[in-house]
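A quick write-up on the structure given underneath.
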Amino acid sequence: MRKIIFLMHVSLDGFVATTEGDMSWLIYNKEIEAYSHDLHASTDVAIYGRVTYEMMAGYWPTVLEDPNAGEADLNHARWANDATKYVVSETLESVDWVNTVIIKDNIKEAFTKLKNQPGKDMWLLGSPRLAQSLMELDLIDEYRLNINPVILGSGMPLFKDGAQRKNLELVKTTNFDGGVIGAIYVPVRN
């Protein structure tokens, strides 16, 4: 069965962006980039919420045409272009990025069906509101949190206030330059 792997940068106090949506506080260096891009080999599906999808669709296809693009960016752009992309949105009517499918409703049914199809794992990139929905539906199989050494005090929370309890098992940690800790958790399921 395919897994949904969720990768997100988070502040020490559990926020993914400031109240204004700023993410300039997060540390993203070559080491963290390589750690994140290691998922290319084990995934062939990208999952996005609408906001993240629109950001990604506006950027990654252009990298393939940029003669000055670095090798790491080109590798991710190729992966993103080739991957089947699922964007969850009630408002999008059409998409232009190749290999993109819109999921408008029945999220649990759609992703349960996808998890049971053959293929590599699926990578949920960013998309904190969608992640909260998938958490509630118990569809995330692996949480990869890059915990940044900053306390924001307020902002967009990773976990929804009043979220249901979910026990997780820490399976790996990685210490990165700049004080970021990469923590991989899996749900404890009975």
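This chain uses plain numbering: 1 for the first residue, then up along the sequence. The shown structure was predicted, so the numbers you read here are calculated from the model rather than taken from an experiment.
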Look only at the side chain of [X] and the backbone of [Y], and say whether a donor-acceptor pair between them is shorter than 3.5 Å.
X	Y	result
K172	I184	no
N148	V150	no
E31	D177	yes
K115	I4	no
D13	L152	yes
N146	R144	no
S127	L130	no
Q132	P157	yes

request  = Could you point out which residue of K160, K166, Q164 forms a side chain to side chain donor-acceptor pair (under 3.5 Å) with E136?
outcome  = K160
task = Please report the shortest heavy-atom distance between F111 and L139, naming the atom on each side.
result = CB-CD1, 4.0 Å
inquiry  = Please tell me whether N81 and R78 have a donor and an acceptor in their side chains that are separated by less than 3.5 angstrom.
reply    =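 Not at all, the side chains of N81 and R78 share no donor-acceptor pair under 3.5 Å.
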request  = Please work out which of the three classes, parallel, tilted or perpendicular, describes the rings of Y48 and W97, given edges at 30° and 60°.
outcome  =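 Because their plane-to-plane angle is under 30°, the rings of W97 and Y48 count as parallel.
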query = Where does the angle between the aromatic ring planes of W123 and H76 fall among parallel (under 30°), tilted (30 to 60°) and perpendicular (over 60°)?
reply =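 Plane angle over 60°, so perpendicular.
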Taking atom [atom1] as the centre, does [X] end up with more than 12 heavy-atom neighbours from other residues, nucleotides or ligands that are less than 6.0 angstrom away?
X	atom1	value
E71	CD	yes
D38	CG	yes
R129	CZ	no

inquiry  = Could you walk me through whether W60 and D73 satisfy the side chain to side chain donor-acceptor pair (under 3.5 Å) test, starting with their C-alpha distance in whole Å, then the side-chain angles of each, then the deciding distance to 0.1 Å, before giving a yes or no?
reply    = CA-CA 8 Å; W60 288 110; D73 280 355; over 6 Å; no
Reported CD1-to-OG1 distance for the pair I102 and T91, which is rounded to 0.5 angstrom = 9.0 Å
request  = Nearest 0.5 Å please: distance from the CD1 atom of I103 over to the CD1 atom of I47.
outcome  =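 Interatomic distance, I103 CD1 to I47 CD1, rounded to 0.5 Å: 7.5 Å.
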key: Carboxylate-amine/guanidinium contact R50 E54, below 4.0 Å   =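 A salt bridge links R50 with E54.
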inquiry  = Between E93 and K104, is the salt bridge (Lys or Arg N to Asp or Glu O under 4.0 Å) condition met? List the steps.
reply    = CA-CA 9 Å; E93 294 300 325; K104 288 191 169 280; 3.5 Å; yes
